[in-house]
Amino acid sequence: MTTNIRAVSAPDLSVDNDVINLGGIDLEEGRKIAGVCWTVRKQVAEKSLIIVLDHLLETIRRNLPEHGVWLLVGNSTLQKKTRIVKYRGLWGALAARGIIFNHANSAKEVVRELPEGLRFFGSLKLFEVDLDGAAKALLEEVCSYIFVMPSDTNMEDFLESGWTGDFFEDAEIVSRVVSYDGMMIKRYGQFDDEEKGVVGVGSPRLVSMILM
C-alpha cells in the first residue's frame with residue numbers, strides 16, 4: 001500500500017520548513033522537534049489515511065521494533081451527563097457510531113466530569129486489523145492523535161492530562177513525547193484537498209529511523 005505516498009520532512013520545526021512551524025514550543029536546551037508529512041493524492045479522506053497508516057505501521061515494525069503505536073481519542077465537545085453516555089463511555093460510543101476495533105479489549109479510558117458535562121479520553125494499541133477504525137476516528141474526532149512510543153510507555157499518564165488535538169495547545173505533551181523518543185501524529189488535509197494524509201512531530205532520531 002506504499003504506492004504514491006509522498007513524504008516531506010524537516011529536522012528542526014523551530015525554523016522555516018515545509019512541514020509545520022513549531023517555533024513557539026519550549027524544549028529543554030539543545031533539544032529539537034523534527035517532523036514529517038505523509039500524503040497521497042486524489043484519494044478520499046478515509047482511504048488516504050488507511051494507506052498512510054498501513055505504511056507507517058509496516059515501517060515501524062521493520063525499523064523500530066522496540067516501539068509501539070497507539071490511537072488516542074478524546075471528545076472535543078462536552079458530553080451530556082446521562083446514564084447511557086456514562087455506560088457507553090468513549091469506546092462504546094464510537095462502536096455505536098460504527099467505529100469498531102478488533103482489539104478493543106486493550107483500550108483504556110478516563111472521564112473528566114465537569115459541571116457542564118463529561119469529556120472522555122482513551123488510548124488503544126493499534127494494529128493493522130484496526131486501521132479502518134483508526135481512520136474513521138481520526139476523521140470524526142478532531143481531538144485525536146496517533147502516538148509512536150517505546151513499547152513500555154505507560155499511556156495512562158497521557159490520559160490523565162488530556163489533550164486538545166492541536167500541537168500548539170498540546171505543547172507540554174509534545175515536549176514530553178519528544179523527550180521519550182516518541183512521535184505524535186494527526187490528520188492532515190481537508191476533505192476537498194487534493195493531498196491528504198497525516199503530519200507527525202517527534203524526536204529527530206525517531207523521524208530519521210521511520211524515514212529509512
Dump the intermediate steps for side chain to side chain contact (heavy atoms under 4.5 Å, CB included) on V69 and F147, then the final yes or no.
CA-CA 6 Å; V69 183; F147 273 36; over 6 Å; no
Using a cut-off of 6.0 Å, state whether more than 12 heavy atoms not belonging to E172 lie near its atom CD.
no
Within a radius of less than 6.0 Å around CG of D16, do more than 12 heavy atoms belonging to other residues, nucleotides or ligands occur?
no
Exceeds 12 heavy-atom contacts within 6.0 angstrom, atom CZ of F121
yes
If you define the side chain from C-beta out and look only at heavy atoms, does anything of R31 sit under 4.5 Å from S175?
no
Any side-chain heavy atom of I146 sitting closer than 4.5 Å to one from L138?
yes
Kindly assign one of parallel, tilted or perpendicular to the pair F101 and W91, based on the angle between their ring planes and the thresholds 30° and 60°.
perpendicular
For a quick check under 3.5 Å, do E195 and T39 share a side-chain donor-acceptor pair by atom type?
yes
Determine, step by step, whether D181 and H67 satisfy the side chain to side chain contact (heavy atoms under 4.5 Å, CB included) criterion, reporting the C-alpha distance in whole Å, the side-chain angles of both residues, the deciding distance to 0.1 Å, and the verdict.
CA-CA 9 Å; D181 192 30; H67 279 62; 3.7 Å; yes
I'd like to check V111 versus R119 (side-chain heavy atoms, cut-off strictly below 4.5 Å). Are they in contact?
no
Separation between CZ of R187 and CD of E140, rounded to the nearest 0.5 Å
10.5 Å
Is there a path of hydrophobic side-chain contacts, each under 4.5 Å between heavy atoms of I, L, V, M, F, W or Y residues, that connects V142 with V73?
no
Which residue, T82, V85, L90, forms the side-chain contact (heavy atoms from CB on, under 4.5 Å) with L118?
V85
Do F120 and V110 have side chains that approach each other closer than 4.5 Å (heavy atoms only, starting at C-beta)?
no
Inspect the surroundings of CG in D157 and state if more than 12 heavy atoms from other residues, nucleotides or ligands are less than 6.0 Å away.
yes
Take a 6.0 Å sphere around NZ of K125 and say whether it holds more than 12 heavy atoms from other residues, nucleotides or ligands.
yes
From CA spacing to verdict: side chain to side chain contact (heavy atoms under 4.5 Å, CB included), K136, E46
CA-CA 7 Å; K136 288 184 174 72; E46 186 176 329; 3.1 Å; yes
Do F127 and W70 share a hydrophobic cluster (ILVMFWY, side-chain heavy atoms under 4.5 Å, transitive)?
no
Ionic contact status for R97 with E141, cut-off 4.0 Å
yes
What I'd like to find out is whether the side chain of I20 reaches to under 4.5 Å of the side chain of V201, using heavy atoms alone.
yes
L131 and L57, any side-chain heavy atoms less than 4.5 Å apart:
yes
Audit row: K196, L49, side chain to side chain contact (heavy atoms under 4.5 Å, CB included) steps and yes/no
CA-CA 8 Å; K196 293 178 283 291; L49 284 172; over 6 Å; no
Is it the case that K186 places NZ or CZ above or below the six-membered ring of F167, under 6.0 angstrom from the centre and within 45 degrees of the axis?
yes
Would you say the ring centroid of F158 lies under 6.0 angstrom from that of W163?
no
So, do R176 and V174 sit near enough that their side-chain heavy atoms are less than 4.5 Å apart?
no
Is V129 reachable from L71 through a run of I, L, V, M, F, W or Y residues, each pair having side-chain heavy atoms under 4.5 Å apart?
no
Remaining members of L78's ILVMFWY cluster at a side-chain heavy-atom cut-off under 4.5 Å?
L114
With side chains defined as the heavy atoms from C-beta onward, is the minimum distance between I185 and V199 less than 4.5 Å?
no
Between S14 and D12: side-chain donor-acceptor atoms closer than 3.5 Å
yes
More than 12 heavy atoms of other residues, nucleotides or ligands under 6.0 Å from CZ of R62: is that the case?
yes
